[in-house]
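Encoded as C-alpha cells, the structure appears first; notes follow it.
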Amino acid sequence: MTESTMRTRTIIALASKPSLPNHIKLRHDAGRGRWLILAPERVFEPDEISVEILKRCDGATSVEDIASVLAKEYNAPLQDIIKDTISMLQELSDKGVVKA
Amino acid sequence: MNEIVEIAPLEEFGEAVAAPQCARAPVGLLAELTHRCPLQCPYCSNPLELERVNTELTTAEWQDVMRQAAELGILQIHLSGGEPTVRKDLEDIVEVAAKAGLYTNLITAGVTLTRDRLKKLKDLGLDHVQLSIQDVDEENAERISAYKGGLAKKRELGQWVREFDMPLTINAPIHRHNIKNLPRIIDFAVEMGAERLEVANIQYYAWALKNRAALMPTRAEFMKSAEIVEEAKERLKGILVFDFVVPDYYAKTPKPCMGGWGRGIMNITPSGKVLPCHAAETVPGLQFDNVRNRRLADIWLNGQAFEAYRGTSWMKEPCKSCPRAEIDFGGCRCQAMAFTGDAANTDPACKFSPYHAAFVATAERESAEANPPNFIYRRVGGASKTPE
C-alpha cells in the first residue's frame, strides 16, 4: 500500500492550526470589494466572517485562538464562535480548501 | 452574504462574477490551444471538423488573450485541447496567464508531458493539473484511446504532480465500455493521490454524438454507478472530492449548460474563434468573432453568438413560463439543435420537452444493443472506423 492510499480525513479541532494549501488562493476582487477563493476548477465566494477566519489561517494560529479573537471583535459568545468556526473549517477541509 | 455572527457556508458560484471592467465577466475561459492530440478517443468534445495546426493562434496571440481575459475579470483559465502540451510554447502561455493573475488549470491526457516540463510549468505558476484517464484496465484504455502505453505514462505523471506538491484532478469519462470499472477508477484516483475525481458521464456532442450508439450505458448501469459514487463520497469524505456529471439521457431536468449561455464560461478554439460553448458551431445562424479581429470583452458583451441565447428572452414554451428558466436556462442549445432541429427548443433532456420520450427511448434502444457499433475514432479528416 502506498502512502497516498493511507490518506485520512482531517478532523478540525480546537488545537488544529489550519492553513490554505499553496494552490488555494484567497483573493480580494478590488473592483467589487469582494473576496474570492480560487480552487481547482472551483470558485467560492466566502462571506465576511469566513474571510476573517481564512485570513487568520496561517498554519501557526490555532482554531481556539482564531475564535477567541473573533469573539472579542464581534462581541459574540465564544462557544458559538468556536462551534461555527470548526464547522466552517471542517466543511472547507472536506472540500480541500483548508488543510490542518 | 452579510451575516455577521452566523457563518454561512461558502457559496459556490457558477454565476457571473463582478470585475473591474465588466460586471458580467465569465468565471472561466476554456482555451483549446490546439486540436492536435496523440489520443483518438471516440467521445472527444472537439468538433468533427478539427482545426489544423497552420490555423492555430501564435504564442503572442494566446498571450494577448490571457492578458485580455484577466482584464475582463475572468478568474480561471483552463488550458485544454486537443492535447495542450503538444504546443511547444505552453510554458510561454502559462507564464503570461499566471502573471496576469489567472488561476491556471492544465487539462491533459498525460502521455506527452515530461517531468522537467511539468516542473517548469509549476515554477512558472501552473496551479492545477487535470489528468484524463480512459480506463484502469490497460487493454481497454488502449482500445478506447487508440494509443498504446498510456496508462503507465499517466501513473508517472500523477507521481510527478505529487512530487511537486501540485493538486491533481482525475477526469474519467464514463460510458458503456468502462462503467463497470467505476469502483477501480475511484481506487485509482485515491491511489494517485488526487484530491478530486470527475466521474464524467459522456455528454453526447461532436464525436460522442457520432459514437453515441457505441458508448451509451444502460439505465441500470447508470443507476448502479450513481450508487457507487454516493457510497464512495461518504467513505472518502475529506480525502477525495467527487464531481458527478449525470448523463442527460437518463435525467429529468437538463443541466444549466455552461452555467447558462454567455453567462459563466467562454471557449476559444485553436484558431481564435470565441464560442459560448465548445459545440456552439453546430447551431446554425450564429456568427463567431475571432480574437484576431475583435477585443475579448467586446465579443463577450456584444458578440452576436453570445447575445443570441443569453438570458431568457429567446425562450419558447415550455421554458418561457418555467420556474426553472433561470436555474437551468433551458439546458443545452446544441443538444436541442441536434435532437429537435431547433436550438431554441427546450433541451430534450427536460421531462417537459415534447421530444423527451423519444430522447430517452433512443438511449434505451442503443444501450440495449448487445453488439454496439465499432468506434469511429477521433482524428483529423474524420470518420474512419479503425485505429491507425
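Residue numbering restarts at 1 for every chain, and letters A, B, ... go by the order of the sequence lines. Below, all heavy atoms of this structure are taken into account, side chains as well, without hydrogens, waters or symmetry copies.
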Original post:
Do A:E41 and B:H128 touch side chain to side chain, with heavy atoms closer than 4.5 Å?
Top reply: yes
Subject >> Nearest-0.5 Å distance, OG1 of residue A:T10 to CD1 of residue B:I239 >> reply: 8.5 Å
Original post:
Could you state the interatomic distance from CD1 (A:I24) to CG (B:D127), rounded to the nearest 0.5 Å?
Top reply: 9.5 Å
Original post:
Near B:K255 NZ, under 6.0 Å, is it more than 12 heavy atoms from other residues, nucleotides or ligands?
Top reply: yes
Subject >> Enclosure of B:E326 CD (heavy-atom neighbours >12, cutoff 6.0 Å) >> reply: no
Original post:
With a 4.5 angstrom heavy-atom cut-off, which part of A:A39 approaches chain B: side chain, backbone, both or neither?
Top reply: backbone
**OP:** Would you mind telling me which of B:T104, B:D243, B:D165 has the largest number of heavy-atom pairs within less than 4.5 Å of chain A?
**Re:** B:D243
Original post:
If you count the non-hydrogen atoms of other residues, nucleotides and ligands that lie under 6.0 Å from NZ in A:K72, is the total more than 12?
Top reply: no
Subject >> Atom of A:R7, atom of B:V190 and distance for their closest heavy-atom approach >> reply: NH2-O, 3.4 Å
Original post:
Given a strict heavy-atom distance threshold of 4.5 Å, which part of A:Q90 is in contact with chain B: side chain, backbone, both, or neither?
Top reply: neither
Original post:
For A:K25, does the NZ atom have more than 12 heavy-atom neighbours from other residues, nucleotides or ligands under 6.0 Å away?
Top reply: yes
**OP:** Give, as side chain, backbone, both or neither, the part of A:N75 having an atom under 4.5 angstrom from any heavy atom of chain B.
**Re:** neither
**OP:** Measure from the side-chain N and O atoms of B:Y103 to the backbone N and O of A:H23, and report whether any donor-acceptor pair falls under 3.5 Å.
**Re:** yes
**OP:** Heavy-atom distances under 4.5 Å only: say whether B:N105 touches chain A with side chain, backbone, both or neither.
**Re:** side chain
